[in-house]
Amino acid sequence: GQNIDQPTEMTATEGAIVQINCTYQTSGFNGLFWYQQHAGEAPTFLSYNVLDGLEEKGRFSSFLSRSKGYSYLLLKELQMKDSASYLCAVNSGNTPLVFGKGTRLSVIA
Amino acid sequence: DVKVTQSSRYLVKRTGEKVFLECVQDMDHENMFWYRQDPGLGLRLIYFSYDVKMKEKGDIPEGYSVSREKKERFSLILESASTNQTSMYLCASSLGTSGYEQYFGPGTRLTVT
């Protein structure tokens with residue numbers, strides 16, 4: 001089976017940097033996704049990592065270490081609109097994505 | 001832009017009713033998925049389909065069935081709705097299985113009374 005862990009809630013200040021961690025245990029790893037989900041809305045794709053290292057996309061970056069079963073999503077220059085849940089999801093072999101339970105981020109002034 | 005649409009945003013049904021949730025995608029995606037999302041439990045996979053007429057059980061298929069008669073349409077059926085099926089239901093589609101992002105519909109919030 002697969003196991004994905006991420007913190008339930010985090011709070012950060014507007015303008016700051018926040019790092020949301022995700023650890024996973026799986027066999028046949030085939031990539032890791034991060035999604036953003038605002039309250040009452042559908043998840044939307046943020047990033048995909050399949051090789052070790054950092055992928056940068058504007059204010060958002062995602063890092064992967066396959067040997068450690070670890071990823072993080074880094075959000076810089078936080079804005080109020082970044083308040084949302086962030087979902088980590090792992091692709092394993094030819095099975096559907098397995099999602100973590102999500103981290104609810106609150107950005108405060 | 002990929003578009004995934006769901007037939008209703010909000011739905012209220014009575015216990016024992018048969019409920020149909022429809023999902024349509026317009027990008028010729030092979031794979032389609034049905035999830036439910038509950039507070040504290042995250043997204044849980046109910047059923048998925050990799051091709052027309054094909055279906056596979058996900059993690060929580062009990063009490064649900066699905067139909068995929070056309071590539072663009074994937075229906076979730078609650079044969080006899082129960083109060084514990086009150087939830088947010090999300091449909092998703094993807095071009096492939098490995099390394100492809102899933103695109104989600106807006107969700108249907110179903111309340112069973």
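Letters go in sequence order (proteins before strands), and every chain restarts at 1. What you see is a predicted model, and the numbers here were worked out from it, not measured in a lab.
- Put simply, A/Phe63 and A/Phe60 are part of two different groups of oily side chains (I, L, V, M, F, W, Y) that touch within less than 4.5 Å, one to the next.
- Proximity to chain B is absent for every atom of A/Leu32, based on heavy atoms less than 4.5 angstrom apart.
- The nearest pair of heavy atoms linking A/Leu87 to B/Leu43 is CD1-CD1, 3.8 Å.
- In terms of hydrophobic clustering, with Ile, Leu, Val, Met, Phe, Trp and Tyr side chains grouped at heavy-atom distances under 4.5 Å, B/Phe33 and B/Ile77 are assigned to different clusters.
- The 12-atom threshold is exceeded at CD of A/Glu41, counting heavy atoms of other residues, nucleotides or ligands nearer than 6.0 Å.
- Put simply, A/Val90 and A/Leu73 are part of the same group of oily side chains (I, L, V, M, F, W, Y) that touch within less than 4.5 Å, one to the next.
- Two rings, from B/Tyr35 and A/Phe99, have their centers less than 6.0 Å apart.
- Of the listed residues (A/Val98, A/Val50, A/Thr8, A/Asn91), the one with the most heavy-atom contacts under 4.5 Å to chain B is A/Asn91.
- For the residue pair A/Ala42 and B/Pro106, the shortest heavy atom distance occurs at CB-CA, 4.2 Å.
- With A/Tyr35 contributing its side chain and B/Glu101 its backbone, the two residues share no donor-acceptor pair below 3.5 Å.
- In this structure, chain A has a heavy atom under 4.5 Å from the side chain of B/Tyr50, while its backbone stays farther away.
- The two atoms that bring B/Leu90 and A/Gln37 nearest to each other are CD1-NE2, 4.2 Å, heavy atoms only.
- Around CZ of B/Arg44, the count of heavy atoms belonging to other residues, nucleotides or ligands within 6.0 Å exceeds 12.
- Between the side chain of A/Asn30 and the backbone N or O of B/Ser98, no donor-acceptor pair lies under 3.5 Å.
- Both B/Ile60 and B/Val19 sit in one connected hydrophobic cluster of ILVMFWY residues. Membership requires side-chain heavy atoms under 4.5 Å apart, directly or through other members.
- Minimum interatomic distance between A/Phe33 and B/Gly99 (heavy atoms only, all atoms of both residues): CZ-C, 3.8 Å.
- Residue contact with chain A, scored on non-hydrogen atoms closer than 4.5 Å, involves the side chain of B/Gln37 exclusively.
- Proximity to chain B (any heavy atom under 4.5 Å) is restricted, for A/Thr95, to the backbone atoms N, CA, C and O.
- Cluster membership for A/Trp34 and A/Phe45, using ILVMFWY side-chain heavy atoms within less than 4.5 angstrom, is not shared.
- Residue A/Phe29 places its CZ atom among more than 12 non-hydrogen atoms of other residues, nucleotides or ligands, all under 6.0 Å distant.
- Chosen from B/Arg109, B/Arg9, B/Gln102, the residue pairing most often with chain A at heavy-atom distances under 4.5 Å is B/Gln102.
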